[in-house]
Trainee: 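Got a structure for you, written out below as C-alpha cells; questions coming shortly.
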Protein chains: 2
Amino acid sequence: MMTSADYYDPLKLGNQLCFPLYACAKEIVRRYKPYLDELDLTYTQYITMMVLWEKKSLRVKELGEILYLDSGTLTPVLKKLEQKQYLTRQRSAEDERGLDIHITPKGEALKSKAINVPAGMAKCIRLEPEEAQTLYRLLYKVLDDLPPVTG
Amino acid sequence: MMTSADYYDPLKLGNQLCFPLYACAKEIVRRYKPYLDELDLTYTQYITMMVLWEKKSLRVKELGEILYLDSGTLTPVLKKLEQKQYLTRQRSAEDERGLDIHITPKGEALKSKAINVPAGMAKCIRLEPEEAQTLYRLLYKVLDDLPPVTG
DNA sequence: TTCATTTTAATTGTGTACAATCTATTTGTG
DNA sequence: CACAAATAGATTGTACACAATTAAAATGAA
C-alpha cells in the first residue's frame, strides 16, 4: 500500500540534502585519521595548521571566521598545538582583548611532513575532476550564501 | 613575491574539497537548531527519528549502517529517545545480541510536529533546484564510492 | 571624563563522534 | 558436542562543537 505521504515525504532521510552532506563530511574526515595519525594531529588541529602555514600569524577571532569555529572550540585546540610547540599564543600588544597566534619554526617544519596528506585523501573522493570542481563550487556557493544563524 | 609553493599549494584550505564539505555540513546542522529546539530534539536525535518514521522498527546495527554511526554514538542517543518515550529498546527474541528499536505512538505523533522543519531548512540552502539536484547526486556518489576506512 | 555598550577570549555544561575494549551470544569447524 | 572465531551492543576515554555565561578590555555617547 502506498499512502500520499510516501509519494514525496520531505521527512524521509533520502529526500534531504543535509543528511548526505553531514554523512559525507563525517566519513571523509574519518578517512583522514590514518594520514593524520602519522603527524599526531587531529583534523581540527590539521586545518588550524593549514591556516597558519598560509598566514603565519593571526588573531583567534580571524582564525574562527576562517574555520567557522568559535573560541569555545579553538581555545583547547590552540592550547594543544602550543603544547606541541607548533605555535605561540600571546595577548595582542595594541588590544589586550585579542590573542595573537604565531606559527613557530617547528610548526613550519611540520608542513613538509604533511605534504602527502592531500594526495592520499584525494583518493577517497572518487569523482571525475570536473565533478569535483562542480562539488567544490556548489559547496562554496552554499557556504557563501548562508543566512545568519537566527532569523 | 610569489614562490612556487603559492602557485598551487595542496595544503591551502582553499584548495581542499574536504574543508568546505566539513564547514558546510556543520553550518547547515547549526541552522537546524532553532527548528529542532521547538521539538526538543538534537540533529542526531532528529535523523534517528526520521529513520524510525520510515521503518517503524529495526536493529541498532541496521540503524548504524543507515546513519553511518556506531553503537558508541547511538547507544546514548537511543537511551535519550527512550526516556522521551519516542521509542522502545529490547533485546531481540531470536538473537539475544541484537537490540530491537521500535517507534511508539508518541514517536509517531512527533512526525506531525516536525513536518515544517525541512521547508524551513531548505531556505538555508540557497541553490537553484537543478544545482541542489547536482549537489545531492555528487554527495551520494562520493558516499557510495567511499573506500573502506583502513587500506 | 564617565559609564553603559560592545568586543574578545576563556569557561562551563551538554551532546555527539569514534577508536579501543569488554561482555554476552551465536556461528562455524572438527 | 566442544571450542575458537565472529558478531552485536555497551562502555571507556579523548576530542571536538556549540550555546550560554563570565571576565577583561576597548569604545562611544552624553
Side-chain angles (χ1 to χ4, degrees), chain A residues 19 22-37 40-49 58-65 67-84 87 89-101 148-150, chain B residues 19 22-37 40-49 58-65 67-84 87 89-101 148-150:
Chain A
F19 176 71
Y22 155 85
C24 216
K26 208 166 61 63
E27 292 304 307
I28 299 285
V29 168
R30 193 145 80 96
R31 279 159 183 79
Y32 264 93
K33 195 177 182 310
Y35 298 96
L36 296 182
D37 277 351
D40 190 30
L41 289 180
T42 64
Y43 182 71
T44 314
Q45 291 168 9
Y46 171 65
I47 59 178
T48 300
M49 290 309 299
L58 78 177
R59 294 266 207 81
V60 170
K61 178 179 165 53
E62 191 187 353
L63 181 61
E65 285 165 358
L67 296 181
Y68 295 85
L69 293 172
D70 68 5
S71 69
T73 302
L74 286 176
T75 295
V77 170
L78 292 170
K79 284 182 175 174
K80 211 57 171 275
L81 290 172
E82 184 186 38
Q83 273 180 21
K84 299 185 191 196
L87 55 81
R89 299 163 64 245
Q90 55 187 8
R91 288 287 155 192
S92 168
E94 74 266 18
D95 185 344
E96 291 274 340
R97 290 171 304 181
L99 189 74
D100 287 328
I101 306 303
V149 167
T150 318
Chain B
F19 176 70
Y22 156 85
C24 214
K26 209 166 62 62
E27 292 304 307
I28 299 285
V29 168
R30 193 145 80 96
R31 281 160 181 79
Y32 264 94
K33 195 178 181 314
Y35 299 97
L36 296 183
D37 277 352
D40 189 31
L41 289 181
T42 64
Y43 182 71
T44 314
Q45 289 167 10
Y46 172 64
I47 58 178
T48 300
M49 289 310 299
L58 78 175
R59 294 267 206 81
V60 170
K61 177 178 167 54
E62 190 187 354
L63 181 62
E65 285 165 357
L67 296 181
Y68 295 86
L69 292 172
D70 67 6
S71 69
T73 302
L74 287 176
T75 296
V77 169
L78 292 170
K79 283 181 176 175
K80 211 51 169 282
L81 290 173
E82 184 186 38
Q83 272 179 23
K84 300 186 191 197
L87 55 80
R89 299 163 64 243
Q90 54 187 7
R91 288 288 156 189
S92 168
E94 73 267 17
D95 184 344
E96 291 274 340
R97 290 171 305 181
L99 190 73
D100 287 328
I101 306 303
V149 168
T150 318

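Sequence lines set the chain letters: A, B, ... in the order given, protein chains first and strands last, and positions in each chain run from 1.
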Trainee: A:E82 CD to C:dA10 C1': how many Å, rounded?
Mentor: 14 Å

Trainee: Assign B:E62 to base, sugar-phosphate, or nothing according to its heavy-atom contacts below 4.0 angstrom with the strands shown.
Mentor: nothing

Trainee: Check the angle between the aromatic planes of A:Y22 and B:Y43 and answer parallel, tilted or perpendicular using the 30° and 60° thresholds.
Mentor: perpendicular

Trainee: Between A:Y22 and A:K61, who's closer to the 5' end of DNA chain C by nearest nucleotide?
Mentor: A:K61

Trainee: CZ of B:R59 versus C1' of C:dT26: gap in Å, rounded?
Mentor: 11 Å

Trainee: Could you check which residues of residues 69-79 of chain A get a heavy atom under 4.0 Å from DNA chain C? Sort them by number, please.
Mentor: A:S71, A:G72, A:T75, A:K79

Trainee: By nearest atom, which of the nucleotides C:dT16, C:dA10, D:dA15 is closest to the B:T42 side chain?
Mentor: C:dT16

Trainee: Please report the interatomic distance CG(B:L69) to CD1(B:I47), rounded to the nearest 0.5 Å.
Mentor: 5.5 Å

Trainee: Rounded to whole Å, please give me the gap between OH in A:Y32 and C1' in C:dC18.
Mentor: 18 Å

Trainee: Which listed nucleotide (C:dA17, D:dA17, C:dT27) is nearest to the side chain of A:T44?
Mentor: D:dA17

Trainee: Between C:dA9, D:dG9, C:dT25, which one does the side chain of B:D95 approach most closely?
Mentor: C:dT25

Trainee: Tell me every residue that passes side chain to side chain contact (heavy atoms under 4.5 Å, CB included) with B:S71, counting only those two or more places apart in sequence or in another chain.
Mentor: B:T75

Trainee: Got a salt bridge between B:K79 and B:E82, using NZ or NE/NH1/NH2 to carboxylate O under 4.0 Å?
Mentor: no

Trainee: Rounded to the nearest angstrom, tell me the gap between atom CG in A:L58 and atom C1' in C:dA9.
Mentor: 14 Å

Trainee: Decide, yes or no, whether a salt bridge links A:R91 with A:D100 under the criterion of side-chain N to carboxylate O below 4.0 Å.
Mentor: no

Trainee: Side chain of A:E96: nearest nucleotide among D:dA25, C:dA19, D:dA8?
Mentor: D:dA25

Trainee: Could you tell me whether the side chain of B:K84 and the main chain of B:D40 form a donor-acceptor pair under 3.5 Å?
Mentor: yes

Trainee: Hey, is the side chain of A:Q45 poking within less than 4.0 Å of OP1 or OP2 on D:dC16, counting only N and O atoms?
Mentor: yes

Trainee: If only side-chain N and O atoms of A:K26 are considered, is one of them under 4.0 Å from the OP1 or OP2 phosphate oxygen of C:dC18?
Mentor: yes

Trainee: Hey, does the side chain of A:K33 come within less than 4.0 Å of C:dC18's phosphate (OP1/OP2), counting only N and O?
Mentor: no

Trainee: Check this one for me: any side-chain N or O of A:R91 less than 4.0 Å away from OP1 or OP2 of D:dA26?
Mentor: no

Trainee: Please determine, for the side chain of B:R97, which listed nucleotide (C:dT27, D:dA15, D:dC18) has the closest atom?
Mentor: C:dT27

Trainee: Which residues pass the ring-ring contact (aromatic ring centres under 6.0 Å, His included) test with B:Y68, not counting sequence neighbours?
Mentor: none

Trainee: Among the candidates D:dG9, D:dA10, D:dA17, find the nucleotide nearest to the side-chain atoms of B:R89.
Mentor: D:dA10

Trainee: Would you say a side-chain N or O of A:R30 is under 4.0 Å from OP1 or OP2 of C:dA19?
Mentor: yes

Trainee: Over how many whole Å does the gap from B:R31 atom CZ to D:dA17 atom C1' extend?
Mentor: 14 Å

Trainee: Within the structure provided, determine whether A:L41 and A:L81 are in side-chain contact (heavy-atom separation under 4.5 Å).
Mentor: yes

Trainee: In whole angstroms, how far is the P atom of C:dC18 from the OH atom of B:Y68?
Mentor: 12 Å

Trainee: Quick one: on DNA chain D, does B:D100 or A:E94 contact a more 5' nucleotide (nearest heavy atom)?
Mentor: B:D100

Trainee: Let me know the distance between CG of B:L99 and P of D:dT11, rounded to the nearest Å.
Mentor: 11 Å

Trainee: Could you check how far NZ of B:K80 sits from C1' of C:dA17, rounded to whole Å?
Mentor: 15 Å

